2 protein chains.
Amino acid sequence: MATIKDIAQAAGVSLATVSRVINNGPKVGDKTRARIKEIMKEMGYRPNANARALVTQRNPSLGVVLAELADPFFATLAYGIEKVARQKDIQVLLSSGSIQVETELKAIETLLEHRCEAMIVHSKALDDETLIDFASQVPGFVLINRYIEQIADRCVWLDNYSGGATMARHLLSLGHKKFVMVSSHYQIDDPSERLRGIKDELKNAGIELPDSAIEYSTPDQEGGEIAMQNLLAKGHDFTAVLSYNDAMAAGAMSMLLDHGVEIPQQISVMGFDDVLLSRYCRPKLTTLRYPIEMMAVKAAEVALNRARTNGKNKSLEDTFKYTPTIVKRESVTHAADSK
Amino acid sequence: MATIKDIAQAAGVSLATVSRVINNGPKVGDKTRARIKEIMKEMGYRPNANARALVTQRNPSLGVVLAELADPFFATLAYGIEKVARQKDIQVLLSSGSIQVETELKAIETLLEHRCEAMIVHSKALDDETLIDFASQVPGFVLINRYIEQIADRCVWLDNYSGGATMARHLLSLGHKKFVMVSSHYQIDDPSERLRGIKDELKNAGIELPDSAIEYSTPDQEGGEIAMQNLLAKGHDFTAVLSYNDAMAAGAMSMLLDHGVEIPQQISVMGFDDVLLSRYCRPKLTTLRYPIEMMAVKAAEVALNRARTNGKNKSLEDTFKYTPTIVKRESVTHAADSK
DNA sequence: TTGTATGCGTTATCAG
DNA sequence: CTGATAACGCATACAA
């Protein structure tokens, strides 16, 4: 592949001159510039990004660490990030961490080796200390879906507690009094925060959500089915189902429908996330909107901006907390008379 | 960030020696090696991937160009690719082409600037010639979901024609005789190939699929709804709906259900792709399995292998054609008596 | 306006 | 077993 040297030779000028026209440098004669550009086309010249990164001491790339690309949730996240990167002419380096300590660590370290000037990482497995350490190493380091107080200005996150409370409040306002919940068995913050919000809100209304009314499983459709099956098997009496996310809600609905239950006439089901699926399934899911794409865009902007300003120039905002809001569709309605 | 030089200094050895222990070079004393490793830990040394790529003249990375990450189809594609890359310790550079000439071109060129040794591109906008030219420039260049005869050994693709024929054959075998189709209005090969397969197969059975029985729209749920609405408005008489993909099928089903049609008792609906959605929607979609993940894995393996062998070592297989197969679920059954 | 020289962090080719 | 030293492709301070 042609190098800057080849071009210089062919044009009968020095390396410096060619380099200047490549970077739109100011001090080059018009005719020289035109001629060199011509030659570059002819020879199919392409600047070597690695060499450039080496000499300029900065790699204008955005590293991204996600949990699981196959999950629509993360796909949307990646989509939002890639969109702003593309628009700013920044290449994205993508890795998957799959919520395992070694994998997440490995992914971040590889990104570090590439000297990405900005990074967005979704980490549930790594501890605060480790993350804080990474953050101190790269100015453009941003966490998504996680809040760590010491680096609050690099966290773009959702208030899961408030989300849980909102779910509970909505159902209470419709007269529901008997609840069950299908939740994720992963030991990460999100499920427990949502649950905490739910329990607190119910308690305010004088209602207890006993542990026996909560079934944990994998946070996907199948997990939702299994969890609901267990709940049904235990013979619980309830008029509303709180689900950790939309996928589990869809699974739970499937199971209920298979048992001849009418949704929402007999039982209401409420999801969380508002992914595509919530509009596809029948009945359409009433859920909480998790503004993933918006948050992804924000994370990318913050990361890139921090990278550019080397971490100085604290943005106007000091916190990037998002609050989920209710999306009313078809799966929730007034409480039926309790059985 | 500490460099190899700093390590050498701290250890009181030469650059060469440090470089050797980094690359597990053979000729280094055990104690020296241990000591250097120790120091590297202490100083938090990380090799600079850019410098390495520059001097070794190869960047062990996999560039990927997709159409639209937010689409579960492409998310799955990305997932499969990233999985094998991670397993082989290869960093993925991801871009989105959004089916536009300039964007796809830009994405590929940026990857070229990074000197990725392997590339997987999904391109519908670029013409054969352009793609063939790129392929000639990088040995690890592979196309996915596209077939170009001159570079057949770099194409991992689905036989859409056969898929269309299979759909038609299945429905015919269940006694259906009156069809409509909801298809994508994008001017790319896939829809037209599927349609060609369908028409040919129907023709064999003496059935014509008139243009008026085909509605084109965006290949998503909303497009499916619109297309079906138009078909309904035109007063077509049919017992089976052929859909370009699952999303449109789901939309079409929505619309039919809203009109009080029973699926599949009155009308059968058949999708294509077998994405997650086909299992979530109700009734569950009978569809054609598009082995995206398997194909993505294959593409990654071929690309990486070609890169490693510099395009020599033609693999045992000379073609990477995949054939979609039927997945029977709930949305298709025997033809009802025609109205 | 253009050219020369130096160095970015590594690997690799030589000698020792 | 270890150490100089020359690239790799490019940007840039300094000369001319």
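The structure displayed is predicted, hence computed values, not measured ones.
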| message | Using the rule given for side chain to side chain contact (heavy atoms under 4.5 Å, CB included), can you reason through B/F73 versus B/N145, listing the C-alpha separation, both sets of side-chain angles and the distance that settles it, and then say yes or no? | response | CA-CA 12 Å; B/F73 181 91; B/N145 291 2; 3.5 Å; yes
| message | Does B/L112 form a side chain to side chain contact (heavy atoms under 4.5 Å, CB included) with B/F134? I'd like the steps, not just the answer. | response | CA-CA 9 Å; B/L112 244 26; B/F134 280 129; 3.5 Å; yes
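Judged purely by atom type and a 3.5 angstrom limit, B/E104 uses its side chain to pair as donor or acceptor with the backbone of B/K124. At least one donor-acceptor pair under 3.5 Å links the side chain of A/T56 to the backbone N or O of A/R58.
Here A/T17 reaches the OP1 or OP2 of C/dG3: one of its side-chain N or O atoms lies under 4.0 Å away.
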| query | In B/S/- notation, 5' to 3', how is nucleotides 8-16 of chain C contacted by protein heavy atoms closer than 4.0 Å? | reply | BBBBB----
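Among B/M119, B/E117, B/Q91, the single residue meeting the side-chain contact (heavy atoms from CB on, under 4.5 Å) criterion with B/S61 is B/Q91.
Look at CE on A/M40: it is 17 Å from P on D/dG9, rounded to the nearest Å. Between B/I36 atom CD1 and D/dC1 atom P the separation is 14 Å, expressed in whole Å. Computed from coordinates, the B/N50 CG to C/dG7 P distance equals 21 Å when rounded to whole Å.
A heavy-atom distance below 4.5 Å is found between the side chains of B/M1 and A/Q137.
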